[in-house]
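Taking it in order: structure first as structure tokens, then the write-up.
Along the sequence shown, residues are numbered consecutively beginning with 1. Keep in mind that the numbers below use all heavy atoms, side chains included, and drop hydrogens, waters and symmetry copies. Counting starts at 1 for both ligands and their atoms, following the listed order.
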Amino acid sequence: MNKLGWLVLTIAVAAQSVLAETRVYNWTTGWGTYNVDGGMERPVITCNGEYPWPDVRVKKGDRLEVYLNNGFDDRNTSLHFHGLFQNGTNQMDGPPMVVQCPLGPGDTFLYNFTVDDNVGTYWYHSHSKGQYQDGMRAAFVIEDDDIPYDYDEDVVLQIGEWYHEVADELNEAFMSLYNPTGAEPIPQNLIMNSTRNMTWEVKPDTTYLLRIANTGGFVSQYIWIEDHEMEVVEVDGIYTEKNTTNMLYITTAQRYAVLIHTKNDTSKNFAIMQKFDDTMLDLIPDDLQLNTTNYMVYNSSAPLPEQNVVDELDFLDDFYLVPYSKQELLGDPDYQIVINVTMDNLASGINYAFFNNLTYTEPKVPALLTALSAGEDAVNAEVYGSNTHTYVLGKDEIIEIVLNNLDTGTHPFHLHGHAFQTLVRDIGYDDALGEVPHPYDDNDHPDFPEYPMIRDTLYVRPQSNFVIRFKADNPGVWMFHCHIEWHLTQGLALILVEDPLSIQESQSQQLTDNHKNVCKGVGISTEGNAAGNSTDYLNLFGENVQEKFIATGFTAKGIVAFVFSCIAAVLGLISIAVYGLMDLSNIEEKVMDELDLDISEVEAVNSSSDLTSEPKELIK
Ligand SMILES: *[C@@H]1O[C@H](CO)[C@@H](O)[C@H](O)[C@H]1NC(C)=O
Ligand SMILES: *[C@@H]1O[C@H](CO)[C@@H](O)[C@H](O)[C@H]1NC(C)=O
Ligand SMILES: *[C@@H]1O[C@H](CO)[C@@H](O)[C@H](O)[C@H]1NC(C)=O
Ligand SMILES: *[C@@H]1O[C@H](CO)[C@@H](O)[C@H](O)[C@H]1NC(C)=O
Ligand SMILES: *[C@@H]1O[C@H](CO)[C@@H](O)[C@H](O)[C@H]1NC(C)=O
Ligand SMILES: *[C@@H]1O[C@H](CO)[C@@H](O)[C@H](O)[C@H]1NC(C)=O
Ligand SMILES: *[C@@H]1O[C@H](CO)[C@@H](O)[C@H](O)[C@H]1NC(C)=O
Ligand SMILES: *[C@@H]1O[C@H](CO)[C@@H](O)[C@H](O)[C@H]1NC(C)=O
Ligand SMILES: *[C@@H]1O[C@H](CO)[C@@H](O)[C@H](O)[C@H]1NC(C)=O
Ligand SMILES: *[C@@H]1O[C@H](CO)[C@@H](O)[C@H](O)[C@H]1NC(C)=O
Ligand SMILES: *[C@@H]1O[C@H](CO)[C@@H](O)[C@H](O)[C@H]1NC(C)=O
Ligand SMILES: *[C@@H]1O[C@H](CO)[C@@H](O)[C@H](O)[C@H]1NC(C)=O
Ligand SMILES: [Cu+2]
């Protein structure tokens with residue numbers, strides 16, 4: 001290179017380093033008592049003694065150094081920056097036993113990465129069981145000087161649901177023999193920005209970029225603002241062609257950035273409405289308020305509006321959004337993964353979730369640490385264990401995931417490390433109408449869009465299917481899972497190991513000294529296969545595996561019958577935790593209805609003699 005060339009290069013580097021900043025955060029987890037929804041005081045997870053956790057706002061290209069100090073005395077923790085590609089920094093992605101060792105009490109994990117490949121609206125949250133539902137979460141915005149839209153002010157808004165009990169207690173009731181249908185706990189309220197009756201004070205004649213993130217752990221929501229249109233310009237960090245709507249439907253973990261232009265007239269205030277997708281609730285307690293009113297305030301001396309009632313839920317179908325980049329449909333897949341979603345009881349009687357009959361079960365060594373230490377064996381999916389449900393993907397391959405939802409619920413699926421194209425999302429099929437699941441048919445499907453919508457979290461409808469594609473251009477170990485925290489706990493997850501030999505070769509992917517110390521702290525080896533064997537990676541002896549399926553002859557229906565017959569009192573207590581404060585008198589009927597049981601059948605099982613012995617086996 002000539003002298004001038006060096007000079008130009010030097011200036012370019014200097015200019016970049018002036019713009020890009022390193023932002024340091026030092027967060028310690030703990031517990032505090034707060035009355036978040038105005039309904040009840042309860043313990044919540046705090047950050048440096050405060051709640052809610054701080055929203056983060058950085059610029060594209062910045063470096064983050066987040067020191068997460070585990071201030072709990074009884075549990076491990078972790079942090080995931082949802083939607084970030086973590087290109088070259090896979091160990092900073094968060095899920096414990098997938099890309100990192102769990103962070104033990106008293107230890108510190110340094111999440112150190114740059115945000116080069118992402119812009120827009122994200123969030124961060126604990127990736128350890130139930131913690132984000134207890135409050136360990138916030139919005140995360142990456143500002144972009146080149147954003148192709150004009151606006152005056154940029155405002156974030158978190159929506160979610162809230163429980164009056166901590167996740168630990170709910171989980172105990174949920175993952176229990178006494179909850180044989182796997183009914184998810186019913187939340188007590190919807191919240192906005194960690195409160196109810198939220199007030200957003202706006203200026204007249206102003207264009208807001210409102211960044212809405214559903215940081216809840218379960219229910220999808222409808223959201224609309226009385227007499228105000230929303231122009232969608234971004235989904236999950238992907239800019240879109242503008243699309244105007246009155247209402248959005250947002251699943252947990254999804255984000256929408258919308259432009260809202262305020263009125264000139266400041267005499268009146270307007271309702272910001274949020275509403276449960278109540279089809280996701282197994283039971284609707286009598287006292288559950290399905291919609292909540294918040295306020296867009298132009299004039300604080302004018303009265304607050306009543307709720308805004310709409311005739312129909314006419315929301316934007318995100319499938320039809322077109323990315324601003326007009327990225328074309330990726331070519332035919334090099335590799336197609338077909339996964340069936342089901343839910344069923346295993347031998348303990350507990351209800352689990354499955355992809356192709358596998359319920360995700362943690363390995364003994366985090367999968368990334370296996371990939372880094374396995375040498376040539378890293379390309380063999382077996383070394384990651386038979387119950388982590390791992391697929392190994394080749395460098396730059398086009399991957400297609402076909403997901404068939406054989407279950408009757410709606411599930412929002414999230415892929416780490418990528419945003420993907422959505423080729424197909426079928427309509428829902430209602431079991432109440434006698435409809436059966438419709439798996440995707442390769443030979444008979446609708447035309448794929450020319451410019452498919454791109455995002456990182458996508459819902460599948462009941463008994464339906466979707467098809468997504470992405471390019472395996474991000475070497476790392478990435479989780480694909482349902483973002484309903486209850487379903488993740490039930491094992492609705494799998495692992496994609498992308499180009500493992502490139503991970504091994506990359507300097508930036510090597511474990512940091514801090515990470516090695518964190519592993520030492522919780523007694524986890526930094527090398528070895530899923531069983532922890534580092535001499536023979538193909539010897540999986542001693543690996544963690546899921547429980548057995550229920551033996552033939554003793555069915556899930558039998559378990560339900562047993563639960564009802566022997567432990568009615570306990571059931572009552574558990575039911576309160578799971579179903580909320582509802583009229584419990586006919587709960588057995590409702591559960592049986594859901595399982596398609598009829599009373600005579602249950603009574604027949606109840607009186608049969610082998611029942612008394614078998615369930616004891618189940619409990620041990
Ligand atoms: C983070 O804060 C804690 C408590 O104030 C302090 O002990 C620790 O040194 C800080 N760590 C860093 C990296 O600043
Ligand atoms: C933290 O994780 C380690 C390793 O999986 C485990 O042995 C330990 O029991 C966990 N600690 C707590 C407090 O749950
Ligand atoms: C964060 O990572 C960068 C790049 O590897 C490194 O230069 C920097 O020292 C790291 N920060 C800390 C506090 O270790
Ligand atoms: C908030 O909303 C609830 C339910 O609509 C209502 O009962 C309560 O009084 C409201 N609180 C305030 C402070 O407005
Ligand atoms: C929501 O809360 C965040 C953080 O406190 C705040 O910056 C934002 O303005 C709030 N959004 C609205 C719509 O009030
Ligand atoms: C609102 O006021 C601005 C400035 O006063 C004016 O330019 C604009 O036309 C008005 N908009 C409407 C819808 O009246
Ligand atoms: C909100 O819920 C109440 C009862 O829970 C109902 O009367 C009202 O019509 C609902 N409003 C909307 C907009 O659905
Ligand atoms: C906007 O969304 C509607 C469906 O909700 C769709 O029919 C239309 O094609 C979309 N237009 C653009 C430009 O995205
Ligand atoms: C998924 O389910 C469909 C319908 O039951 C079945 O035809 C197909 O073989 C299943 N695929 C896998 C991978 O289990
Ligand atoms: C899953 O289990 C069902 C029932 O045991 C069986 O029919 C089916 O073949 C299994 N599917 C796969 C992909 O193993
Ligand atoms: C990761 O970085 C590589 C090399 O810079 C690039 O080719 C690839 O597109 C990136 N992947 C993602 C998902 O950003
Ligand atoms: C690891 O594999 C080797 C070779 O197959 C075997 O001898 C050894 O017992 C295994 N170690 C453990 C802890 O299972
Ligand atoms: Cu789910």
Side-chain angles (χ1 to χ4, degrees), residues 29 60-61 70-78 81 83-90 92-93 95-107 109 113-120 126-131 142 167-168 171 236-238 325 327 330 361-367 369-370 373-374 377 382-383 385 393 395-399 415-421 454-456 469-478 496 498-499 502-503 505-509 515 518-544:
T29 64
K60 185 175 185 217
N70 183 344
F72 302 127
D73 52 20
D74 64 346
R75 68 195 63 213
N76 298 323
T77 191
S78 61
F81 295 83
L84 298 199
F85 297 155
Q86 297 289 8
N87 201 340
T89 50
N90 189 206
M92 305 303 170
D93 190 46
M97 301 317 287
V98 179
V99 298
Q100 70 162 91
C101 294
L103 174 60
D107 277 346
F109 196 101
F113 56 90
T114 56
V115 286
D116 294 320
D117 298 323
N118 297 89
V119 290
S126 167
H127 219 288
S128 302
K129 191 164 145 189
Q131 289 175 4
I142 303 170
D168 271 1
N171 261 313
D236 296 357
I238 308 295
S325 66
Q327 191 194 92
L330 289 165
T361 309
E362 276 183 359
K364 288 185 170 169
V365 169
L369 279 53
T370 298
S373 63
D377 284 337
E382 283 174 38
V383 304
L393 312 179
K395 184 178 170 56
D396 291 335
E397 280 179 343
I398 304 297
I399 309 301
L415 174 61
H416 288 228
H418 292 276
F420 47 77
Q421 294 186 335
I454 301 175
R455 65 186 317 164
D456 63 40
R469 273 185 201 168
F470 64 95
K471 185 176 177 186
D473 62 359
N474 191 6
V477 175
W478 309 112
L496 303 177
E498 209 168 307
D499 190 9
S502 292
I503 310 177
E505 284 156 18
S506 160
Q507 191 52 43
S508 68
Q509 299 272 25
H515 192 168
V518 164
C519 294
K520 204 187 263 173
V522 288
I524 289 182
S525 165
T526 53
E527 40 187 55
N529 64 13
N533 198 322
S534 51
T535 44
D536 181 0
Y537 276 76
L538 297 175
N539 183 342
L540 273 300
F541 180 79
E543 67 171 329
N544 296 332

Considering non-hydrogen atoms only, spot the tightest contact between Ala531 and Leu540 and give its length.
CB-O, 3.5 Å
Quick one: closest heavy-atom pair of Lys395 and Ser502, and the distance?
CD-OG, 4.4 Å
What part of Asp117 sits under 4.0 Å from ligand 11 if we count only heavy atoms: the side chain, the backbone, both or neither?
side chain
Check each atom of ligand 2 against the heavy atoms of Pro102 and keep those under 4.0 Å away; list them by number with element.
2 (O)
Mind checking whether Ile524 contacts ligand 2 via backbone (N, CA, C, O), side chain (CB onward), both or neither, at a 4.0 Å heavy-atom cut-off?
side chain
Nearest heavy-atom pair of Ile524 and Lys364: which atoms, and what distance?
CG2-O, 3.9 Å
Within the structure, does Asn474 bring an N/O atom to less than 3.5 angstrom of an N/O atom in ligand 11?
no
Using a 4.0 Å cutoff against the non-hydrogen atoms of Asp74, which atoms of ligand 2 qualify?
13 (C)
I'd like to know if atom 13 (C) of ligand 12 has any protein heavy atom within a distance of less than 4.0 Å.
no
With under 30° as parallel and over 60° as perpendicular, where do the rings of Phe470 and His418 fit, or are they tilted in between?
tilted
In the structure I gave you, are the side-chain heavy atoms of Thr77 and Phe109 within less than 4.5 Å of one another anywhere?
no
At under 4.0 Å between heavy atoms, what of Met97 touches ligand 2? The answer is neither
As an exercise, identify every atom of ligand 12 less than 4.0 angstrom from a heavy atom of Thr535.
1 (C), 2 (O), 3 (C)
Taking all non-hydrogen atoms of both residues into account, name the closest pair between Leu538 and Asn529 and its distance.
N-ND2, 4.3 Å
Thr89 backbone acceptor or donor facing Ser508 side chain under 3.5 Å
no
Specify the protein heavy atom at minimum distance from atom 9 (O) of ligand 11: its residue, its atom name, and the distance to 0.1 Å.
Asp473 OD2, 3.0 Å
Could you find the nearest protein heavy atom to atom 5 (O) of ligand 11 and give me its residue, atom name and distance?
Asn87 ND2, 4.7 Å
Flag, side chain of Gln100 to backbone of Met92, donor-acceptor distance under 3.5 Å
no
Of all the atoms in ligand 12, which lie at a distance below 4.0 Å from a heavy atom belonging to Asn539?
1 (C), 2 (O), 3 (C), 4 (C), 5 (O), 6 (C), 10 (C)
Close side-chain approach of Ile238 to Ser325, heavy-atom, < 4.5 Å:
no
Do other residues, nucleotides or ligands put more than 12 heavy atoms under 6.0 Å from Gln509 CD?
yes
The closest protein heavy-atom partner of atom 4 (C) of ligand 12 is Asp536 CB, 3.5 Å
Would you check whether His418 has a nitrogen or oxygen atom less than 3.5 angstrom from a nitrogen or oxygen atom of ligand 11?
no
Please step through side chain to side chain donor-acceptor pair (under 3.5 Å) for the pair Ser373 and Tyr537, ending with a clear verdict.
CA-CA 9 Å; Ser373 63; Tyr537 276 76; 2.7 Å; yes
For atom 1 (C) of ligand 12, find the nearest protein heavy atom and state the residue, atom name and distance (0.1 Å precision).
Asn533 ND2, 1.5 Å
Using a distance threshold of 4.0 Å (strictly less than), state whether atom 7 (O) of ligand 12 has a protein heavy-atom neighbour.
no
Protein heavy atom at shortest distance from atom 10 (C) of ligand 2:
Asn76 ND2, 2.5 Å
Which of the numbered atoms in ligand 2 are below 4.0 angstrom from a heavy atom of Arg75?
13 (C)
